Engineer: 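Below is a structure I'd like to ask you about.
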2 protein chains.
Amino acid sequence: MTGHEDRSPTTVEKTAGSAGRIADALRADILSGAFAPGERIRQEVLAERYGASRLPVRDALRALEAEGLVIMVPNTGAWVAKLSLEECQEVYQVRERVEPLLLRMSMPGLDAETRDRLLPLVEAMRQEPQVEEFLRLDREFHMLTYSGAESTILGDLVERLWNTTQHYRRAFTLLGTERTSRTVHLEHEMLALAILRDDPDGAERVLLGHISSTRLELSRHPEVFHRL
Amino acid sequence: MTGHEDRSPTTVEKTAGSAGRIADALRADILSGAFAPGERIRQEVLAERYGASRLPVRDALRALEAEGLVIMVPNTGAWVAKLSLEECQEVYQVRERVEPLLLRMSMPGLDAETRDRLLPLVEAMRQEPQVEEFLRLDREFHMLTYSGAESTILGDLVERLWNTTQHYRRAFTLLGTERTSRTVHLEHEMLALAILRDDPDGAERVLLGHISSTRLELSRHPEVFHRL
DNA sequence: GAGCTTGAAAATGTATCCAATCCTCGTTTA
DNA sequence: TAAACGAGGATTGGATACATTTTCAAGCTC
């Protein structure tokens with residue numbers, strides 16, 4: 001008997017043992033900016049930093065490499081992934097096509113309680129919070145609009161796209177002018193309203209425009225990508 | 001001239017690190033069907049199969065897990081990734097949105113020589129080749145249409161999506177009826193013609209329809225996903 | 001003095017060994 | 001008789017140690 005189909009781990013998404021913890025910690029450190037793009041990562045340093053051997057560190061690096069947050073070169077080392085202007089625009093182009101789909105799939109699954117949290121988040125962002133707080137609110141707002149989809153594949157993809165551009169969102173938030181900032185607030189409010197009135201087409205359209213206008217903003221600040 | 005390029009007869013390419021070779025070999029084995037979805041993968045078996053220790057095998061498994069081809073459960077083992085009908089449809093929905101974009105980005109970069117290879121490939125697929133040969137031609141045809149994009153991010157994403165659904169494309173090719181087969185050939189020809197006449201909008205539309213019709217085909221054969 | 005060569009140091013990749021965890025199967029008990 | 005419990009076996013995860021590769025810098029040649 002070849003007992004292969006023992007158990008179907010389709011619902012199991014857990015990352016492996018303690019390497020998963022290291023991967024989570026390192027991911028958080030990269031997203032928080034503690035490790036900057038282009039910075040070299042030495043396995044030994046991480047091993048000491050997280051109190052483990054180099055082996056789970058390598059596993060974690062491989063996992064993050066697959067997420068697009070780390071670049072590994074054989075026999076050479078690992079670096080925090082760095083996006084060129086063109087690559088960043090590419091990510092945003094993918095987001096323009098993918099996130100409206102995820103939003104559409106999510107909307108039927110959003111309950112009233114979840115929807116009631118949308119506009120308060122928009123209001124909170126209007127209070128001109130600090131950069132890190134704004135990034136957190138922005139992410140929470142969009143992820144909330146996606147929370148109705150039990151999608152695993154598309155949801156993970158979108159999360160990866162957000163993570164790879166996290167550093168650049170921070171940079172652009174830092175030098176954001178008031179006008180673009182107000183535009184973002186309006187787009188967020190329009191998105192929330194479209195969701196509240198159960199208008200999938202409108203929501204898709206607004207979200208596409210939101211991401212698209214952000215992408216166009218990238219071209220106006222190429223200096224963010226030049227300073228290596 | 002910094003010339004250390006002199007190597008012994010066994011000139012190993014830059015793809016050093018046997019973990020990479022194992023990952024490539026295992027990926028090929030999964031895509032070829034040698035390992036079926038849902039099948040358990042034991043590290044020791046792979047270590048012997050590829051003549052290495054369990055350690056590079058673990059690295060390879062992690063790499064493939066990140067690509068979505070393998071599922072790893074802590075302290076338990078690894079399985080070849082298996083898609084449910086819903087997940088497979090989700091992948092196709094993502095492909096519907098993403099591949100037309102990649103095609104649009106690719107078209108300006110397609111030179112005359114590359115375009116001349118499109119219709120012959122369509123013809124070759126019309127000759128009712130064996131399943132494996134058809135899968136190869138189909139993949140080559142589509143990848144050729146994408147070869148004009150120097151895109152790294154989007155190209156890798158599309159390749160991953162193709163890989164995760166490779167097994168199910170094989171299954172559906174096996175039970176394909178003549179009518180659906182002819183439809184596929186027509187869609188391929190329309191796609192090639194749209195590219196040859198430099199019609200990005202038309203090409204996007206045809207490709208979207210092509211993927212979409214394939215996705216709808218999935219619902220008609222749920223038994224492919226049940227027998228697992 | 002400039003550029004190439006060479007050698008040492010450091011970082012990565014791999015192998016072997018040991019600990020922790022999970023599955024299987026036999027035993028026991030209600 | 002069936003279900004729950006526990007011990008044994010098997011498999012994975014991690015740590016230490018070693019081989020390989022790369023890089024950097026000092027020294028030598030031209």
Side-chain angles (χ1 to χ4, degrees), chain A residues 1-26 35 38-66 69-81 228, chain B residues 1-27 35 38-66 69-81:
Chain A
M1 276 291 265
T2 60
H4 280 144
E5 62 218 46
D6 308 312
R7 209 176 76 221
S8 52
T10 52
T11 59
V12 183
E13 183 62 25
K14 288 200 56 170
T15 31
S18 115
R21 288 204 309 274
I22 297 180
D24 292 339
L26 180 56
F35 289 94
E39 187 174 337
R40 179 159 189 183
I41 305 174
R42 278 184 290 277
Q43 299 181 356
E44 192 115 7
V45 174
L46 262 65
E48 186 186 5
R49 182 189 182 96
Y50 299 117
S53 168
R54 272 177 38 222
L55 221 119
V57 168
R58 286 189 46 199
D59 282 353
L61 286 176
R62 273 205 185 275
L64 295 187
E65 179 191 27
L69 288 176
V70 164
I71 301 289
M72 292 187 78
V73 180
N75 292 317
T76 302
W79 285 262
V80 178
L228 178 219
Chain B
M1 296 247 222
T2 61
H4 286 104
E5 69 272 17
D6 187 19
R7 288 279 191 276
S8 299
T10 60
T11 308
V12 181
E13 273 306 315
K14 179 110 175 42
T15 58
S18 84
R21 288 203 310 273
I22 296 180
D24 292 339
L26 180 55
R27 185 187 304 111
F35 289 95
E39 187 174 338
R40 178 161 188 182
I41 306 174
R42 279 183 289 277
Q43 299 181 357
E44 194 111 9
V45 174
L46 263 64
E48 187 187 4
R49 181 187 183 97
Y50 300 119
S53 167
R54 269 179 41 220
L55 220 117
V57 168
R58 282 178 49 191
D59 281 354
L61 285 176
R62 277 211 177 274
L64 295 188
E65 179 192 28
L69 288 176
V70 165
I71 301 288
M72 293 187 76
V73 180
N75 293 318
T76 303
W79 284 262
V80 178

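In what follows, every chain begins at residue 1, and chains take the letters A, B, ... in the order their sequences are listed. On a predicted model such as this, the values are computed, not experimentally measured, just so you know.
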Engineer: Base, sugar-phosphate alone, or nothing: which one does A:Ile41 contact when heavy atoms must sit under 4.0 Å apart?
Structural biologist: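 Counting heavy atoms under 4.0 Å across all strands, the contact made by A:Ile41 is with sugar-phosphate only.
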Engineer: Please list, one pair per line, the donor and acceptor atoms closer than 3.5 Å that link side chains of residues 46-57 of chain A to other protein atoms, with sequence neighbours excluded.
Structural biologist:
unit_1: A:Arg49; atom_1: NE; unit_2: A:Asp29; atom_2: OD2; d: 3.4
unit_1: A:Arg49; atom_1: NH2; unit_2: A:Asp29; atom_2: OD2; d: 3.4
unit_1: A:Tyr50; atom_1: OH; unit_2: A:Asp29; atom_2: OD2; d: 2.5
unit_1: A:Ser53; atom_1: OG; unit_2: A:Leu55; atom_2: N; d: 3.4
unit_1: A:Arg54; atom_1: NE; unit_2: A:Gln43; atom_2: OE1; d: 3.4

Engineer: Near DNA chain C, counting only heavy atoms under 4.0 Å, which residues of residues 47-54 of chain B show up?
Structural biologist: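 Heavy-atom contacts with DNA chain C come from B:Ser53.
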Engineer: Given side chain to side chain contact (heavy atoms under 4.5 Å, CB included), test B:Asp59 with A:Asp59 step by step and report yes or no.
Structural biologist: CA-CA 7 Å; B:Asp59 281 354; A:Asp59 282 353; 3.4 Å; yes
Engineer: Side chain of A:Arg40 only, please: which of D:dT11, C:dA11, D:dG13 is the nearest?
Structural biologist: C:dA11
Engineer: Taking the side chain of A:Pro56 as heavy atoms from C-beta outward, which of D:dA15, D:dT23, C:dG13 is closest to it?
Structural biologist: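 Nearest to the side-chain atoms of A:Pro56, counting from C-beta on, is D:dA15.
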Engineer: Counting side-chain heavy atoms from C-beta on, which of C:dA11, D:dT12, C:dG13 comes nearest to A:Met72?
Structural biologist: C:dG13
Engineer: Would you kindly give the CG-to-C1' distance between B:Asn75 and C:dC18, to the nearest whole Å?
Structural biologist: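 Roughly 15 Å, once rounded to whole Å.
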Engineer: Residues in side-chain hydrogen bond (donor to acceptor under 3.5 Å, both in side chains) with A:Arg62, at least two apart?
Structural biologist: none
Engineer: As an exercise, state the distance from CD1 of A:Ile71 to OG1 of A:Thr76, rounded to the nearest 0.5 Å.
Structural biologist: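 The OG1 atom of A:Thr76 is 13.0 Å from CD1 of A:Ile71, to the nearest 0.5 Å.
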Engineer: For D:dG13 and B:Gln43 - does any side-chain N or O of the residue sit under 4.0 Å from the phosphate oxygens OP1/OP2?
Structural biologist: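 It does, given that an N or O in the side chain of B:Gln43 lies less than 4.0 Å from OP1 or OP2 of D:dG13.
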Engineer: Describe the nucleic acid contact of B:Arg58 in one word from base, sugar-phosphate, nothing, applying a heavy-atom distance below 4.0 Å.
Structural biologist: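 Answer is base: heavy atoms of B:Arg58 come under 4.0 Å of a base.
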Engineer: Can you tell me the distance, in whole Å, between the CZ atom of B:Arg62 and the P atom of D:dT12?
Structural biologist: 13 Å
Engineer: Between CG of B:Leu61 and CG of B:Leu26, what distance do you get to the nearest 0.5 Å?
Structural biologist: 6.0 Å
Engineer: Which is more 5' along DNA chain D, the nucleotide nearest B:Glu44 or the one nearest B:Leu55? Just name the residue.
Structural biologist: B:Glu44
Engineer: Without decimals, in angstroms, what is the distance between A:Leu46 CG and D:dA15 C1'?
Structural biologist: 17 Å
Engineer: What residues form a side-chain hydrogen bond (donor to acceptor under 3.5 Å, both in side chains) with A:Glu65, not counting sequence neighbours?
Structural biologist: none
Engineer: Can you tell me the distance, in whole Å, between the CZ atom of B:Arg42 and the P atom of D:dA10?
Structural biologist: 12 Å
Engineer: With sequence neighbours left out, write down each residue that passes side chain to side chain contact (heavy atoms under 4.5 Å, CB included) with B:Ala60, or none if nothing qualifies.
Structural biologist: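 If we apply the side chain to side chain contact (heavy atoms under 4.5 Å, CB included) test to B:Ala60, skipping adjacent residues, the hits are B:Ile22, B:Ala23.
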Engineer: May I have the distance from B:Leu61 (atom CG) to D:dG14 (atom P), rounded to whole angstrom?
Structural biologist: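 The distance from CG of B:Leu61 to P of D:dG14 comes to 14 Å, rounded to the nearest Å.
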